[in-house]
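Contents: one structure, followed by commentary.
Chain letters run A, B, ... following the sequence lines, proteins first, then strands; residues in each count from 1.
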There are 2 protein chains.
Amino acid sequence: MNTLKRRPVGTAPRYRQIAQILRAAIGNGTYKVGDLLPGEIELCALYDISRHTARDALRLLTDEGLVVRRRRAGTMVTAPPGPATFVQPLGGFEDLLQYAGEARLRIIYYGPAPADGLAQTLDLLPDDWRELRGYRGKGAQTVGLTRMLIRKDCAPTGSDIDGASSVAGAIEARFGVVASRVDQRISALTLSSLLAQLLGAPEGSAALHTQRQYRDATGRLYLATETVHPADRFAYVTSYTRERPDIDR
Amino acid sequence: MNTLKRRPVGTAPRYRQIAQILRAAIGNGTYKVGDLLPGEIELCALYDISRHTARDALRLLTDEGLVVRRRRAGTMVTAPPGPATFVQPLGGFEDLLQYAGEARLRIIYYGPAPADGLAQTLDLLPDDWRELRGYRGKGAQTVGLTRMLIRKDCAPTGSDIDGASSVAGAIEARFGVVASRVDQRISALTLSSLLAQLLGAPEGSAALHTQRQYRDATGRLYLATETVHPADRFAYVTSYTRERPDIDR
DNA sequence: CTTCCGAATATGTCTGGACATATGGGGGTC
DNA sequence: GACCCCCATATGTCCAGACATATTCGGAAG
């Protein structure tokens, strides 16, 4: 039957609705951790959808880590839904990996982007960007060296940045530009003599290298950051939990 | 035409092949950052696949953060250069348990935990644990060196582990023990001469050091892992996207 | 020249069908 | 009981087609 059931405008796609129904069912205990969800074919019959749509719904749940799927075994619930800590709450992407304490930004330079700086590395036109360099630290101790490019048409003032907790946050507050997508890359790096000197660390020692790229709703890059943390002063510590916080004591 | 082109056994699914082709094309400069990839229809014609298969391939690239897709605008490359290094998604819980990249685990040793090994470092009773040491890699390429402790009562066989993409996943499949909490620490490390030799990397060069502790529903530790990745072969990448407020109704 | 609007277009959603593949579990064997 | 083999089964892969929806872009209107 290829009857076209036009979905009313303004409603979510069918597969998202199904996913939400299943999330709710898991949440209210209809399906407990360890239980099997209905198979794809059963879902088709239950909700009058095609198998493809059922699979899309289940894919959402899989991506969220709520279920595990295995051939022949079926779809098993592995976690209750809810404001689990590992799902991004989308407040601000900046502190998704918890920083050890809050590392304040001390600005060294903030002005036109030199042609041989970060703009060159990222293959961007220097004229369209402002470059910022600074230290990340807590009190007197420096935990990292930061360099970033900010697109000119959404570059806050230095004092704007000084006050805000993060540059991305400052841009959002000042220009209303929100990150629609952030790509992050964490790698290791051997400190060059220049970096070592700036950080007061031994030349040739290891450091963490974090790069982030922030994009707006149209996919256009508007903020690119790069931070170097000496190995002995910084580590990313993340705690993933599947337990919901106990509300009632 | 519903001609069934049987894919030879042992080869990757078509959509993964296409994704790999596109990854390579991005890596070698055929498509530069900011360029548009061929549209879905074009891909269908280019590789003689259905649109659905093309979409699956593009979905992989999107999940990896290599491209951004927008209606009418097309598929734009956003990946920073650096095709040589291995990347591991670091999105949430599920990434720790399931696809540990496509980096297979090659076991060197799997047996009783020596008293002076990882058990000592973590202050655990060696008798209760089994220790595993091995390489992580894809094909001939080694991307990391791993050492882990597995609690005896949930220690899978070597062949169980060999097949699975991750040890935590193998334990979940075999014993039903699901991680309720995972603590992770990512830091930088300077390679000792021993590690450097094992990894075939320069002594004194930088590496990523990842430690994880998996706990079951009762909070008891059941798996502790430690992995060292040479800087030039590995990086963690994360891609966060902000979604519209859920309607789902 | 600027603004507004419609058409073109690339991706998003969805149906229906077919064969592939892995594997849990039942049944038979030793 | 322990072991192995086979098969039913649930998910995985892939095809072909249709309509929906969001933007971009160019042309018409002011």
List the atom of [X], the atom of [Y], and the distance in Å for their closest heavy-atom pair.
| X | Y | answer |
| --- | --- | --- |
| B:L60 | B:A19 | CD1-CB, 3.9 Å |
| B:V68 | B:T78 | CG2-CG2, 3.4 Å |
| B:T146 | B:R136 | OG1-CG, 3.7 Å |

Atom pair distance, as rounded to whole Å: [atom1] in [X] and [atom2] in [N]:
| X | N | atom1 | atom2 | value |
| --- | --- | --- | --- | --- |
| B:H52 | D:dG12 | NE2 | C1' | 10 Å |
| B:Q17 | D:dT13 | CD | P | 12 Å |
| B:L37 | C:dT11 | CG | C1' | 14 Å |
| B:R14 | C:dC19 | CZ | P | 20 Å |
| B:L60 | D:dC14 | CG | P | 11 Å |
| B:I18 | D:dC14 | CD1 | C1' | 12 Å |
| B:L43 | C:dA10 | CG | C1' | 12 Å |
| B:R59 | C:dG12 | CZ | C1' | 13 Å |

D:dT11, C:dT11, D:dC14: which one has an atom nearest the side-chain heavy atoms of A:R71?
-> D:dT11

Consider the side chain of B:R72, meaning its heavy atoms from C-beta on, and name the nucleotide among C:dT9, C:dG12, C:dT15 that approaches it most closely.
-> C:dT9

From OG1 (A:T53) to CZ (A:R16), nearest 0.5 Å = 13.0 Å

Under a 4.5 Å cut-off applied to non-hydrogen side-chain atoms, are A:I18 and A:D56 in contact?
-> no

Does B:R51 make a side-chain donor-acceptor contact with the base of C:dG12, cut-off 3.5 Å?
-> yes

Side-chain N or O of [X] less than 4.0 angstrom from OP1 or OP2 on [N]?
| X | N | value |
| --- | --- | --- |
| B:R69 | C:dT11 | yes |
| B:R55 | C:dG12 | yes |
| B:T75 | C:dA10 | no |
| A:Y15 | C:dT13 | yes |
| A:R70 | D:dT11 | no |

Reckon B:L58 touches a base, only the sugar-phosphate, or nothing at all at heavy-atom distances under 4.0 Å?
-> nothing

On DNA chain C, nearest-nucleotide positions of B:I41 versus A:T53: which is more 5'?
-> B:I41

